[in-house]
J.: 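Just dropping this structure here.
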Number of protein chains: 2
Amino acid sequence: MAESIISTNQTNADRISAALLDDIINGKLAPGQKINEPALARAYRVSRGPLREALRHLEGLHLIRRTPRTGSRVVTLSRAELVEIYQVREAMEGMAARLAAGRMPDEEIRAIQTLLEQHQRQIEDNAGREYFQYEGDFDFHYRIIKNSGNDYLVNLLCGELYHLIRMYRLRSARIAWRPQRALAEHQMILNAIRDRDGEYAEILMRRHISTARKNLEQEYLNEADNL
Amino acid sequence: MAESIISTNQTNADRISAALLDDIINGKLAPGQKINEPALARAYRVSRGPLREALRHLEGLHLIRRTPRTGSRVVTLSRAELVEIYQVREAMEGMAARLAAGRMPDEEIRAIQTLLEQHQRQIEDNAGREYFQYEGDFDFHYRIIKNSGNDYLVNLLCGELYHLIRMYRLRSARIAWRPQRALAEHQMILNAIRDRDGEYAEILMRRHISTARKNLEQEYLNEADNL
DNA sequence: ATACCCTTATTTGTTGACAATATTCAAAAA
DNA sequence: TTTTTGAATATTGTCAACAAATAAGGGTAT
C-alpha cells in the first residue's frame, strides 16, 4: 500500500498533524478548547518543535485559531459560518457532479450503485445508528468529487472544507437528517451521472446541498428565537 | 490602522511567512527553486524554527511543496493545473458576483465605477505597461469578492487561490491579455450589480473568467504542438 | 464585595546544538 | 567512457533550554 510507504517516511510533525486532525474531528479535542503546547507535546511524546509545525498546518485548515503570544484554540464554528461553508460547497460540488458525469468510468458508477444499495439496507436495519449513515453520506460525496478530475477541487473539498463539516456534525444533535430522503436524492444524482447528463447532475447536487443548507438556516432562526 | 497594531503583535514566523509569500509572488523566489533552510534563515535573520513554521503555512497555500527528509521547493504550476484553478475560480467568483449584487452598498458601486474609469485612462495612456493593468484587473476582482458577504469565500479566493494566479502571471509572458476587452466586461458586470441583477452578474462573471480559461487551454494546446 | 496592583508561575516564541538522513564528489571498477 | 562505490559534506528533523510576554494568584485599598 502506498500509505504504509508514506507513513514510514513521514516526519513526526506530519504524524501529529494527522492525529490532531482526527482528534478534532472526533471531538477528543473539543471546540473552543485551549491548546496547551507543553501538555500536548507530552501527550503525543514529541517536543514542541514538530507540534508547532503541526499546529500551523491545522491553522491553515481553519481547524484551530491562533492569537500571537496568547495561544491557539480549537475553532468553534458558528452556525452562520457553517451556512457560508455550505454555500461554497453547493457551488463546488455542483461543479464536481457535472465534471464527474463526463468522465466517471462505468465500473465506478456501478460500484457507487452498490454502495447506495448498502446504504438502503443500513437504513432499514438500524434506524437509530445515525453515525454510520452520516459516514455513508460522506462516502457518496467523496466518490463523486474524486471523479471530477480536477485535483485542485478534490483537495479543496476533501482536504479542507469537509473537515470543517465533519467536525461540526458531532455537536449538532439537532441537525436535521433525513437519511431516506438523502438516499433518494443520491440515487437521482447517480442516475444523472449514469446518463452522462452533467447539467442535470449539477442541478440535482446543488438542490441536494441547498436543502441541507436551508435546514441549517432554519434551525439557526429557531435557535435565535430561543435566546 | 488595524494592520500596524497586528504587525507589532505578529511573531517572526508570521512576518517571514508574509515576506516569503511576497518573494514567491514577485518571482524573487523562482518556481521550482530549492528552499535551503539554513541559507534562508540567515537571509531573513531568524532561526530555523520560525522559518519552518512559515514554510508549513506556505505549504498549506500550495505555494511550496515539501518532500519529507529531502526538502521544499517553490511550486511550479503547470498550465494544466492553472486551468483547474480557473475552473474553480469560475464557479466561485460567479457566485461572489451574484452575492455581491444583492448586498453591495451604492457608494461602493460608485467607487468601483471610478476605478474602472481610471483603468480606461491607464489603457489609453501607457499601452505598454502591462503590469499595472494586471494589478487593476486584480483590484476589480478583489472588490467584488470582498462584497460577497461570505467570509469563507473571501478567504478562499483572496487568501489562497489568487496567490497562485498572481504567481503564475509573472512567467507567462505569452499569456493572452486584452485589457480593453477585459475592461468592457468589467463594466458590464458592474452594471449588472448596479441593477441588482445577481443572476446576470453571475453569468457575466463566469463568461469573463471562462474566456480567460479558454485562452489558457488554447495556449496549452499550441505549446504542446511546439514540443 | 469589587477593583486594583504587584509578585509569581506558566506559556509562548526563539535559539543553537545534535542525530539521522540525503546529497555530493572523487576514486575505483566495469 | 560510463557506472559504481564509499567517504565527506550538507541538510533535514528533533530536542532542550532560554528570554519575553501573558496569565494567575494574593494582598491591599476603595
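Each chain gets a letter, A, B and so on, in the order its sequence line appears, and its residues count up from 1. All heavy atoms count here, side chains included; hydrogens, waters and symmetry mates do not.
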J.: When you measure only distances, ignoring hydrogens and angles, does the side chain of Arg48(B) come within 3.5 Å of the base of dG13(D) through a donor and an acceptor?
T.: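 Donor-acceptor pair under 3.5 Å: yes.
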J.: Identify whether the distance between the nearest side-chain nitrogen and carboxylate oxygen of Arg56(B) and Asp14(A) falls below 4.0 Å.
T.: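 Looking at Asp14(A) together with Arg56(B), the answer is yes, because their closest N to O distance falls below 4.0 Å.
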J.: Could you tell me the separation between the CG atom of Leu51(B) and the C1' atom of dT12(D), rounded to a whole number of Å?
T.: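 From Leu51(B) CG to dT12(D) C1': 12 Å.
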J.: Between Arg66(B) (CZ) and dT12(D) (C1'), how many Å, whole number?
T.: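 Going from CZ in Arg66(B) over to C1' in dT12(D) covers 10 Å.
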J.: Test Arg98(A) against every option in Glu202(A), Arg206(A), Glu93(A) by the side chain to side chain contact (heavy atoms under 4.5 Å, CB included) rule and name the one that passes.
T.: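 Single pass found, and it is Glu202(A).
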J.: Measuring centre to centre across the rings, with the benzene-like ring taken for any Trp, is His186(B) within less than 6.0 Å of His208(B)?
T.: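 When the ring centroids of His186(B) and His208(B) are compared, they turn out to be within the sub-6.0 Å range.
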J.: Would you mind reading off the distance between Arg45(A) atom CZ and dC15(D) atom C1', rounded to a whole angstrom?
T.: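 Checked: the CZ to C1' distance equals 16 Å.
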J.: Among Val75(A), Ile24(A), Leu29(A), find the one that has a side chain to side chain contact (heavy atoms under 4.5 Å, CB included) with Ile64(A).
T.: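 Between Ile64(A) and the candidates, side chain to side chain contact (heavy atoms under 4.5 Å, CB included) is satisfied uniquely by Ile24(A).
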J.: For Glu53(A) and dT12(D), give me the distance from atom CD to atom C1', rounded to whole Å.
T.: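 Distance, rounded to whole Å: 10 Å.
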J.: If you measure from the Lys or Arg side-chain nitrogens to the Asp or Glu carboxylate oxygens, is any gap between Arg52(A) and Glu59(A) under 4.0 Å?
T.: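 A salt bridge is absent here (no side-chain N lies under 4.0 Å from a carboxylate O).
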J.: Contact boundaries of DNA chain C with chain A (under 4.0 Å, heavy atoms), 5' to 3'?
T.: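 Endpoints of the contacted stretch of DNA chain C: dT11(C) to dT14(C).
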J.: Provide, to the nearest angstrom, the distance between the CZ atom belonging to Arg52(A) and the P atom belonging to dG13(D).
T.: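 Whole-Å distance recorded here is 17 Å.
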J.: What is the separation between atom CD on Glu37(A) and atom P on dT22(D), rounded to the nearest whole Å?
T.: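 From Glu37(A) CD to dT22(D) P: 15 Å.
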J.: For Ile16(B), which contact category applies under a 4.0 Å heavy-atom criterion: base, sugar-phosphate, or nothing?
T.: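 If one applies the 4.0 Å heavy-atom cut-off, Ile16(B) turns out to touch nothing in the nucleic acid.
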J.: If the cut-off is 4.0 Å, is Asn36(B) near the phosphate of dA10(D), judged by side-chain N/O to OP1 or OP2?
T.: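 No, no such contact exists.
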J.: Leu55(B) CG to dT11(D) P: how many Å, rounded?
T.: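 Rounded to the whole Å, the gap is 15 Å.
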J.: For a quick check of understanding: with a heavy-atom distance under 4.0 Å over all strands, which category does Gly49(B) fall into, base, sugar-phosphate or nothing?
T.: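 Base contact - Gly49(B) has a heavy atom under 4.0 Å of at least one base atom.
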J.: For Asn12(A) and Thr70(A), take the nucleotide of DNA chain D holding the closest heavy atom to each; which residue's nucleotide lies nearer the 5' end?
T.: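 Whichever sits nearer the 5' end wins; that is Asn12(A).
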J.: Mark yes or no for whether Glu84(A), through its side chain, and Asp151(B), through its backbone, hold a donor-acceptor pair below 3.5 Å.
T.: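 Side chain of Glu84(A) to backbone of Asp151(B): a pair is present.
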J.: Give a yes or no on whether the backbone of Gly32(A) and the side-chain of Arg73(A) come within a donor-acceptor separation of less than 3.5 Å.
T.: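 A pair under 3.5 Å: yes.
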